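Structure, as structure tokens:
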Protein chains: 2
Amino acid sequence: MSTPDAPGPRERLLEAAQSLTYSHGMGVGVDALLTAANVARRSLYEHFGGKDGLLTEVLKRATEADESRYAATMDGAGEDPRDRLLAVFDDLEGVIAEPGFRGCRYLAADLALTDPHHPGHAVTRAYRERVSGRLEHELRRLEHPRPALAADQLLLLIDGALAAGATRLKTEPAAAARELAELVIDTRSRP
Amino acid sequence: MSTPDAPGPRERLLEAAQSLTYSHGMGVGVDALLTAANVARRSLYEHFGGKDGLLTEVLKRATEADESRYAATMDGAGEDPRDRLLAVFDDLEGVIAEPGFRGCRYLAADLALTDPHHPGHAVTRAYRERVSGRLEHELRRLEHPRPALAADQLLLLIDGALAAGATRLKTEPAAAARELAELVIDTRSRP
DNA sequence: CACTATATAGACCGGTTGATCTATCGGTCA
DNA sequence: TGACCGATAGATCAACCGGTCTATATAGTG
């Protein structure tokens, strides 16, 4: 007889925080989070120990979601590694075009969390390495001469496109990045 | 008989704010700024009208300094437009290697200033357009087939390199970006 | 000298921060 | 029924926020 939906306070808090920390930065007040999630103050400290714990968990959740998106995007492009890589940049266009787009959530988090020892940094760092690993994996399948460097370059293009998408509305960063991504991917040997 | 140095409170405040807003984000407290600058509280409101005014002026100063750096870097590379453009990416390596490097100040500011109407945004936007204009100017001198798009791509590479430099310590973003910049610059026609 | 502008130190304001607390409500299960 | 547990609302806390204030000190100019 229990309603299958009706997420608990922990879930509501995570969802509200995921949305608010992106739109208003990591500096959002606890009160705003609690109000948006309709959750008691105490529940935050019961479930996450404090604001930092909540923020860290939010980042973890976000990375999982984004990694799933990478996987789905690439799988949706078929088996060819080249198609799978370029699909990421095609998808970027939609990401940037989304209504409330404000750039890369993880870069914003790293810049906002001044304390270098904040646990959130480890989450974002690990995420980037996993994404880089996915890119490198496809490049290896293509027998790219420098898969590690090329993966770094593709990630650089992604970060650059997200930054440009957040700051230079008139440009078309996804298309610009995709064009360069093709050059990176199709490099067969040093010139 | 007046000592030529001994900057006034306004100058001291700007310098302290320029440093602290970069290392600790735009969220630094006014007290921290005043203490670091050794300036009376009132002076801040006399000279800048408030914290927002100070932050905006800090961004303005920073953009002027960075634009001078672009100009000096390019002029130091000689007359050839190709050399002048690549010098920017060579300089990037030094920028990223600086001790307290924390990524692009202006991207961080845009992400931190949640209010879309904050006057700081206009400063950063104008700065990016001027930098893009400098790049495009050199590309035109090279008779690049698509100077505007290529300038966007070079700026995207710069932002990507700065982001990677702040978040992925092991990689060499400046060199990676420079390599791609060469491809952008040397594009003579559509493939 | 006096006048004015500018800088200083620091008290003070209302509001907000993150965090801890008590008390109560509403189920579940024995 | 009654014990228990997660969740709730909300009072309360010290600390800090940006901003205004008064009073005093200093420097330059007439």
Side-chain angles (χ1 to χ4, degrees), chain A residues 1-59 109 112-115 117-121, chain B residues 1-59 108-109 112-121:
Chain A
M1 286 295 189
S2 66
T3 46
D5 33 304
R10 187 188 149 93
E11 213 62 26
R12 271 178 289 153
L13 201 40
L14 279 172
E15 283 179 30
Q18 193 138 344
S19 158
L20 277 181
T21 55
Y22 184 63
S23 60
H24 288 66
M26 298 279 131
V28 247
V30 166
D31 282 349
L33 297 174
L34 298 175
T35 302
N38 223 286
V39 153
R41 199 167 201 78
R42 183 143 221 232
S43 305
L44 192 164
Y45 296 92
E46 291 280 343
H47 286 295
F48 304 101
K51 188 190 181 183
D52 284 353
L54 173 60
L55 295 185
T56 305
E57 191 61 30
V58 162
L59 286 175
L113 301 178
T114 291
D115 178 12
H117 299 97
H118 194 289
H121 292 302
Chain B
M1 286 296 188
S2 64
T3 47
D5 33 304
R10 185 187 151 93
E11 214 61 28
R12 272 178 288 151
L13 201 39
L14 279 172
E15 283 180 29
Q18 193 137 345
S19 158
L20 278 181
T21 56
Y22 184 63
S23 60
H24 288 68
M26 297 280 132
V28 249
V30 167
D31 283 348
L33 297 173
L34 299 175
T35 301
N38 222 288
V39 153
R41 199 169 194 77
R42 186 149 221 244
S43 304
L44 191 165
Y45 295 93
E46 290 282 342
H47 285 293
F48 304 101
K51 189 191 182 184
D52 284 354
L54 173 60
L55 295 185
T56 305
E57 191 62 30
V58 162
L59 287 175
L113 302 179
T114 290
D115 177 13
H117 299 97
H118 193 289
H121 292 302

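Chain naming here is simple, since letters A, B, ... match the order of the sequence lines and numbering starts at 1 in each. Quick caveat, the model's predicted, so the values are computed rather than measured.
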On a heavy-atom basis, the closest approach of B/H121 and B/P116 is CD2-O, 3.5 Å
Between the side-chain atoms of A/R41 and the base atoms of D/dG10, is any donor-acceptor pair under 3.5 Å? no
Practice task
Select base, sugar-phosphate, or nothing to describe what B/N38 touches, counting heavy atoms under 4.0 Å on all strands.
Solution key: sugar-phosphate
Residues in residues 13-24 of chain B with a heavy atom under 4.0 Å of DNA chain D, by number, are none
In this structure, CG of A/L33 is separated from NE2 of A/H24 (nearest 0.5 Å) by 10.5 Å
Rounded to whole Å, CG of B/L33 lies from C1' of D/dG19 at a distance of 14 Å
Rounded to the nearest 0.5 angstrom, the CG-CG distance for A/D115 and A/D52 is 8.0 Å
side-chain contact (heavy atoms from CB on, under 4.5 Å) filter on A/A36, not counting sequence neighbours, yields A/A16, A/L20
A/V39/A/L44 under side chain to side chain contact (heavy atoms under 4.5 Å, CB included): CA gap, chis, key distance, verdict: CA-CA 8 Å; A/V39 153; A/L44 192 164; 5.6 Å; no
Hey, is NE2 on B/H47 packed in by over 12 heavy atoms from elsewhere, all under 6.0 Å?
yes
When rounded to the nearest 0.5 Å, the distance separating CD of A/Q18 from CG of A/L55 is 11.5 Å
Rounded to whole Å, CG of A/D31 lies from P of D/dC17 at a distance of 17 Å
Within the structure shown, what part of the strands sits under 4.0 Å from B/R10 by heavy-atom distance: base, sugar-phosphate, or nothing?
nothing
In numerical order, the residues of residues 42-50 of chain B whose heavy atoms come under 4.0 Å of DNA chain C are B/R42, B/S43, B/H47
Nt span of DNA chain C in reach of chain B heavy atoms at under 4.0 Å, 5' end first, is C/dA7 to C/dA11
With sequence neighbours left out, the residues meeting side-chain contact (heavy atoms from CB on, under 4.5 Å) with A/F48 are A/R10, A/L13, A/L14, A/L54, A/E57
Heavy-atom closest pair (B/G25 atom, A/T114 atom, distance to 0.1 Å) is N-OG1, 4.2 Å
The complete set of side chain to side chain donor-acceptor pair (under 3.5 Å) pairs with one or both residues in residues 31-43 of chain B, sequence neighbours excluded, reads B/D31-B/R41
